[in-house]
2 protein chains.
Amino acid sequence: MVSHAHSDIHGEVAERLRVAGQRYTTKRRTIIDLLAGVGQPMSIADLLERRSDLPQSSLYRNLVVLEESGVVSKVVTTGDQARYELAEHLTGHHHHLLCSSCGAVRDVVVPDALEHELDNALGKLAKREGFTLDRHRLDLIGRCSSCQ
Amino acid sequence: MVSHAHSDIHGEVAERLRVAGQRYTTKRRTIIDLLAGVGQPMSIADLLERRSDLPQSSLYRNLVVLEESGVVSKVVTTGDQARYELAEHLTGHHHHLLCSSCGAVRDVVVPDALEHELDNALGKLAKREGFTLDRHRLDLIGRCSSCQ
DNA sequence: ATGAGTGCAAAGGCTTTGCATTAGG
DNA sequence: CCTAATGCAAAGCCTTTGCACTCAT
């Protein structure tokens with residue numbers, strides 16, 4: 001499974017929020033729509049720019065709630081500001097291309113075979129270290145096609 | 001090669017700074033010693049705490065210089081504050097265990113075989129995407145042994 | 001000597017919070 | 001209804017910067 005039909009998204013988000021004891025308000029819907037529409041990790045500045053009806057404080061507070069409810073995840077980049085995207089259960093497991101020149105972030109999917117080997121090797125490694133492995137994060141860092 | 005003898009470090013740092021047109025001052029030596037001594041990524045607060053003779057502004061400014069000279073690198077974690085460690089040409093290539101509970105970061109080395117497959121697969125992938133791959137970043141995210 | 005490096009304190013920028021108002025279930 | 005969510009403005013926190021002084025070469 002790589003991604004859900006767009007129509008599924010709101011249902012799944014609503015369910016996750018419900019489980020977390022949170023309401024699915026209009027603003028939260030707006031944020032989810034924005035993230036789903038762009039399909040790439042967005043900075044808070046990006047989000048504010050696209051929807052002037054989202055006050056900063058609401059955006060920040062809602063992103064915290066959405067993240068804690070497992071609906072969006074924070075993407076850590078090479079640069080300064082945080083970025084957010086829909087959680088992987090909504091988009092499918094993927095990784096990121098990080099441009100160290102312009103800061104752009106793009107999603108990328110690696111071959112299943114590699115993914116399996118990673119899971120395998122990292123699982124053993126974590127066990128040996130007494131570490132409870134939740135997930136892995138793999139980023140490709142370099143220069144995007146526009147920044148050659 | 002996994003790491004250099006401690007005695008090599010200052011020589012190599014001095015050389016890198018020289019090439020970058022930077023001086024190897026007492027404060028910079030202090031920072032390098034701290035990072036080399038701990039052997040784990042340190043937050044700025046950590047560093048300040050250990051050496052009260054390092055004013056914040058000098059620490060911040062020097063970390064910028066050391067990073068630009070390729071001597072230290074910034075480690076991006078799940079959490080709030082940035083962490084710094086010696087660059088990989090001084091420590092050897094490695095990855096990180098990130099505890100999402102307490103924020104601890106620990107270095108870890110993955111099997112060579114996996115590392116090679118990663119390089120291989122990611123190289124192809126980057127090429128296909130028109131992305132100039134500089135390096136990869138692989139983190140294990142979960143709970144450390146103290147946070148079960 | 002002389003420009004890079006340093007240190008204090010002040011300014012910046014992003015993020016969080018207090019409190020009164022509004023709206024979701 | 002009644003509590004969670006919202007919005008404005010103020011406060012916080014980490015990081016950067018201005019400027020005078022000091023040290024490395």
Side-chain angles (χ1 to χ4, degrees), chain A residues 10-11 13-34 41-69 71-85 103 105, chain B residues 10-11 13-34 41-69 71-85 103 105:
Chain A
H10 284 302
V13 170
E15 174 59 14
R16 292 250 172 181
L17 285 174
R18 194 189 59 71
V19 170
Q22 296 288 343
R23 296 173 181 172
Y24 199 13
T25 65
T26 308
K27 303 280 152 154
R28 290 177 186 171
R29 254 168 219 280
T30 301
I31 294 170
I32 296 299
D33 280 333
L34 273 174
M42 302 270 282
S43 71
I44 282 168
D46 290 339
L47 294 169
L48 285 174
E49 198 167 284
R50 305 214 178 196
R51 290 297 296 253
S52 52
D53 60 326
L54 281 177
Q56 281 206 0
S57 61
S58 295
L59 186 50
Y60 277 102
R61 273 194 274 233
N62 280 322
L63 284 172
V64 170
V65 170
L66 293 171
E67 194 184 6
E68 285 173 354
S69 306
V71 171
V72 308
S73 44
K74 189 186 288 189
V75 177
V76 181
T77 68
T78 47
D80 29 348
Q81 77 268 292
R83 285 170 182 274
Y84 291 85
E85 66 181 0
V105 180
Chain B
H10 284 303
V13 169
E15 174 60 13
R16 292 251 171 179
L17 285 174
R18 195 188 59 70
V19 169
Q22 296 287 343
R23 296 174 181 172
Y24 199 13
T25 64
T26 308
K27 303 280 152 152
R28 290 176 187 171
R29 250 169 222 281
T30 301
I31 294 169
I32 297 299
D33 280 334
L34 273 175
M42 302 270 281
S43 71
I44 283 168
D46 290 339
L47 294 168
L48 286 174
E49 198 167 284
R50 305 214 178 197
R51 290 299 295 255
S52 53
D53 59 327
L54 281 177
Q56 280 206 2
S57 60
S58 295
L59 185 50
Y60 277 101
R61 274 196 273 235
N62 281 321
L63 285 171
V64 170
V65 170
L66 292 171
E67 194 184 6
E68 286 174 353
S69 306
V71 171
V72 308
S73 44
K74 189 186 287 188
V75 177
V76 181
T77 69
T78 47
D80 30 347
Q81 78 268 291
R83 285 172 181 272
Y84 291 85
E85 66 181 0
V105 180

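A note on names: the letters A, B, ... follow the listed sequences, proteins ahead of strands, and every chain is numbered from 1.
Following rounding to the nearest Å, D53(B) (CG) and dT6(C) (P) show an atom-to-atom distance of 12 Å. A straight line from CD1 of I44(B) to C1' of dT16(D) spans 11 Å, rounded to a whole angstrom. In this entry the distance linking CG of L17(B) with P of dA24(D) reads 15 Å, nearest Å. Between the CG atom of L47(A) and the P atom of dC14(C) there is a distance of 14 Å, rounded to whole Å. Atom pair M42(B):CE and dC14(D):C1' shows a separation of 17 Å (rounding to whole Å applied). As rounded to whole Å, 14 Å separates atom C1' of dC8(D) from atom CG of L48(A). The CZ atom of R83(A) sits 12 Å away from the P atom of dT15(C) (whole-angstrom rounding).
Counting all heavy atoms, side chain and backbone alike, L48(A) lies closest to P55(A) at CD2-C, 4.3 Å.
Within the 4.5 Å cutoff, the side chain of E68(B) has no heavy atoms near those of the Q22(B) side chain. Between I31(A) and L59(A), some side-chain heavy-atom pair lies under the 4.5 Å cut-off. Counting heavy atoms from C-beta on, the side chains of V65(B) and R28(B) come closer than 4.5 Å.
When the nearest nucleotides of DNA chain C are assigned to S57(B) and G21(B) by heavy-atom distance, the more 5′-ward of the two goes with G21(B). In terms of position on DNA chain D, the residue among T25(B) and K74(B) whose nearest nucleotide sits closer to the 5' end is K74(B). Comparing T26(B) and Q56(B) along DNA chain D, the residue whose closest nucleotide (by nearest heavy atom) sits nearer the 5' end is Q56(B).
R28(B) comes within 4.0 angstrom of sugar-phosphate atoms only, judged by non-hydrogen atoms across all strands, and of no base.
For dG24(C), neither phosphate oxygen OP1 nor OP2 lies less than 4.0 angstrom from any side-chain nitrogen or oxygen of K27(A). Taking side-chain N and O atoms only, Y60(B) has no distance below 4.0 Å to OP1 or OP2 of dT16(D). The shortest distance between the side-chain N/O atoms of N62(A) and the OP1/OP2 oxygens of dT6(D) is below 4.0 Å. Contact check, S58(B) against dG7(C): a side-chain N or O comes under 4.0 Å of OP1 or OP2. For Q22(B) and dG5(C), the shortest distance from a side-chain N or O to OP1 or OP2 is below 4.0 Å.
Side-chain proximity of R61(A) to the nucleotides dG18(C), dT15(D), dC8(C) is greatest for dG18(C).
Figure legend: R18(B) and Y24(B) shown without cation-pi pairing, the cationic atom not lying both under 6.0 angstrom from the six-membered ring centre and within 45 degrees of its axis.
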